[in-house]
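Naming: A, B, ... by sequence-line order, numbering from 1 per chain. Just the heavy atoms: all of them, side chains too, but no hydrogens, waters or symmetry mates, feed the values below.
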Amino acid sequence: MADLAKREIRTRFAPSPTGDLHVGNIRTALFDWAYARHTGGKLIFRIEDTDRERVTDEYIARAIDTLKWLGLNWDEGPEVGGSYGPYLQSQRLEIYSEWANTFLKNGDAYNCYCSTEELEARREAQRQANQAPGYDGKCRSLTGEEISRYQAEGRKPVIRMRMPDGETRFTDLIRGEVVFEHKYVPDFVLMRADGSPLYTLAVAVDDVLMKVTHVLRGEDLLSSTPRQIRVYQAMGVAPSDYPEFAHLPFVMGTDNAKLSKRNGEVSIAWYREEGFLPEAICNYLALLGWSPGDDRENITMEELVQLFTIERVNSSPARFDMKKLEAINGDKIRALSIEDFLERALPFLITSKAITGSDAQVSLVKKALPIIQERIVRLKEVIPMLSFLFVDQVEFDANSGAKIGEADAQKVVAAALESLEPVSDWSHTHIETALRNSLIDGLGLKPRNAFGPVRIAITGSHISPPLFESMELLGRERCLSRLKSAIR
RNA sequence: GGCCCCGUCGUCUAGUGGCCUAGGACUCUGGCUUCUCAAGCCAGCUACGAGGGUUCGAAUCCCUUCGGGGCUGCCA
């Protein structure tokens, strides 16, 4: 490396508060985080709330909560501070204003008095004439006389950036060299008449001032890059100090549309409520647009940090696949220690009111977890899986209810009851022995037909955790009483 | 319309001129195991969008074409 005194790598995650953090946002945040951690750099968390219309306090609190839950920490930003703050754009308005005025003074920008209606009319005309719609430069060089006239009319100007002739050329770390001819990049607005900044101004100013070295963001921002670079120029930043850009491919829904609220579940909060593990979400999302390069797919956050490089990021969009997320989530659940599993599962049981959380219940849950661990793919499933242990009486689903009423089933349940009553050592091995003796040997049934009715009587469903273990957990008295009440 | 980006199994991907009769994972199908459901194991289906080049040789390089997406705002 020629440049040994390479500046510290600084990435930033800069969402705008338009709703809960979603899958696409988080994938970007994850890559920003992983890259910063991989390089020993810093991650800046910044809120792009230039649009004051939007309420942001609650949004920010939720975003912070989500990021923390996922295990994505930041070095500068809300809660932690930093030397380049504030990190809320709504608190940096004077900074943008000063820069816009500097641009004005230097002739890089100019006041534009065109009204929205006028602009729209002219754009329409351009479209009619089959020209590329965009600002036509009408106010680029207004005379003093024209300016006075506009002001007399009461017009308030916006500040518009002057795009010089030529082209912008930059190397995207994911896509390679990209060129935009300026004739396709019209003069753009930096600041509204009321003095509020636009994204293009704020994002560029902040990235420079916060010394961001690598901008990793969605590819929808690719074509706005020349405008940002134009702002860097106007700020007097040397080209060698421009941030590097890496435009990440989209995360799309199962159809070919961009993943959105209308198209699959996007809110990370939803995944959390369903019982997806944060490390599973991160693991899966990391695989959307990136791969470790070998056949590994189940990776830890540590491995992600160790292996993540921008060179290995793909340039083509990826479709979000719930099935694969579930597969990874299932793997991660199975790998949990019982203590960890318990800690994560308990909130689901309690908020659903399946249990109140008493010591007795918690210890029963803990004993039951090993037999359901490999049977669930989302933590939320512990609720239906274990609820038979905590209800006074099982409710049969339609199918199972009918089945247990059949004559054959009734015979089985009766025989099971009879063979179980003498069993005092209520361990699953003794239960199994008694049932095999009476049903398999005694009645000559196939295991499947023998244990089915018992399973229904005990758990309420023909699908359940392993029967004998379930019975041991339920306890002798409750098992016998359930068998009795299943007999009609 | 213009500009820009993208194009390997259904999906996520490996692949950077020969190791590719294209590998892995998820899904799906069949089987084994089995007290149900899972888990596990085994097997199988299925892909380089198309057409031209370059080369002894192309998924990999070039061109064209088709398809998808983004942008084209006083949204971000």
*Within the structure shown, what part of the strands sits under 4.0 Å from Phe188(A) by heavy-atom distance: base, sugar-phosphate, or nothing?*
nothing
_So Asn314(A), base contact, sugar-phosphate only, or nothing? Heavy-atom distance under 4.0 Å._
sugar-phosphate
*Base, sugar-phosphate alone, or nothing: which one does Glu469(A) contact when heavy atoms must sit under 4.0 Å apart?*
base
*Gly330(A) near the nucleic acid: base, sugar-phosphate alone, or nothing, with a heavy-atom cut-off under 4.0 Å?*
nothing
*Lys324(A) side chain, from C-beta outward: closest of C74(B), G70(B), C12(B)*: C12(B)
_Just to be sure I understand the rule, does Arg334(A) reach a base, reach only the sugar-phosphate, or reach nothing, if contact means heavy atoms closer than 4.0 Å?_
sugar-phosphate
*For Pro447(A), which contact category applies under a 4.0 Å heavy-atom criterion: base, sugar-phosphate, or nothing?*
sugar-phosphate
*When all nucleic acid strands are considered with a 4.0 Å heavy-atom cut-off, which category describes Arg127(A): base, sugar-phosphate, or nothing?*
nothing
*Reckon Tyr184(A) touches a base, only the sugar-phosphate, or nothing at all at heavy-atom distances under 4.0 Å?*
sugar-phosphate
*For Arg312(A), which contact category applies under a 4.0 Å heavy-atom criterion: base, sugar-phosphate, or nothing?*
sugar-phosphate
*Sort and list the pairs that fulfil side chain to side chain donor-acceptor pair (under 3.5 Å) and have at least one residue in residues 452-463 of chain A, not counting sequence neighbours.*
Ser400(A)-His462(A), Arg455(A)-Ser464(A)
_Applying the Watson-Crick and G-U wobble criteria at under 3.5 Å, what pairs with C61(B)? Answer none if nothing qualifies._
G53(B)
*Please give, in whole Å, the distance from C35(B) P to Asp441(A) CG?*
13 Å
*asked:* If the condition is side chain to side chain contact (heavy atoms under 4.5 Å, CB included), which residues does Ser291(A) pass it with, not counting sequence neighbours?
replied: Arg312(A)
_Separation of atom CE in Met161(A) from atom C1' in C74(B), rounded to whole Å_ = 15 Å
*5′-ward residue of the pair Lys156(A)/Val178(A) relative to RNA chain B*: Val178(A)
*asked:* Are Phe13(A) and Arg46(A) packed together at the side-chain level, in the sense that at least one heavy-atom pair is separated by less than 4.5 angstrom?
replied: no
*asked:* Measuring only the P atom in each nucleotide, how far is U54(B) from C63(B)? A whole number of Å is fine.
replied: 15 Å
*asked:* Can you classify the ring geometry of Tyr35(A) versus Phe308(A) as parallel (below 30°), tilted (30 to 60°) or perpendicular (above 60°)?
replied: perpendicular
*Given RNA chain B, 5'-ward residue of the pair Ser223(A) and Met191(A), judged by closest heavy atom*: Ser223(A)
*Specify the separation, in whole Å, of atom CD1 of Ile456(A) and atom P of U36(B).*
13 Å
*Which of residues 368-387 of chain A sit near RNA chain B, with a heavy atom under 4.0 Å from it?*
Glu374(A), Arg375(A)
*For G7(B), which nucleotide is its Watson-Crick or G-U wobble mate, given both distances must be under 3.5 Å?*
C66(B)
*With a 4.0 Å cut-off on heavy atoms, is Leu287(A) in touch with a base, just the backbone sugar-phosphate, or nothing at all?*
sugar-phosphate
*Does Arg227(A) count as lying over the ring of Phe188(A), i.e. NZ or CZ under 6.0 Å from the six-ring centre, within 45 degrees of the axis?*
yes
*Counting any heavy atom closer than 4.0 Å, what does Val158(A) reach on the DNA or RNA strands: base, sugar-phosphate only, or nothing?*
base
*Contact class for Pro249(A) vs. all strands (heavy atom < 4.0 Å): base, sugar-phosphate, or nothing?*
nothing
*What does Arg455(A) touch in the nucleic acid at a heavy-atom separation under 4.0 angstrom: a base, only the sugar-phosphate, or nothing?*
base
*Pairs flagged by ring-ring contact (aromatic ring centres under 6.0 Å, His included) wherever residues 115-134 of chain A is involved - sequence neighbours left out*: none
*For Pro317(A), answer base if it contacts any base atom (sugar-phosphate contacts may also be present), sugar-phosphate if it contacts only those atoms, and nothing otherwise; contact means non-hydrogen atoms under 4.0 Å.*
sugar-phosphate
_Heavy atoms from C-beta onward define the side chain here; which of C6(B), C35(B), G69(B) lies closest to that of Phe250(A)?_
G69(B)
*Kindly write out the residues that satisfy side chain to side chain contact (heavy atoms under 4.5 Å, CB included) with Asp441(A), not counting sequence neighbours, or none if the list is empty.*
Asn437(A)
_Nearest listed nucleotide, side chain of Arg192(A), among G7(B), C26(B), A76(B)_ = A76(B)
*asked:* Restricting to side chain to side chain contact (heavy atoms under 4.5 Å, CB included), what partner residues turn up for Pro86(A), sequence neighbours left out?
replied: Gln91(A), Arg92(A)
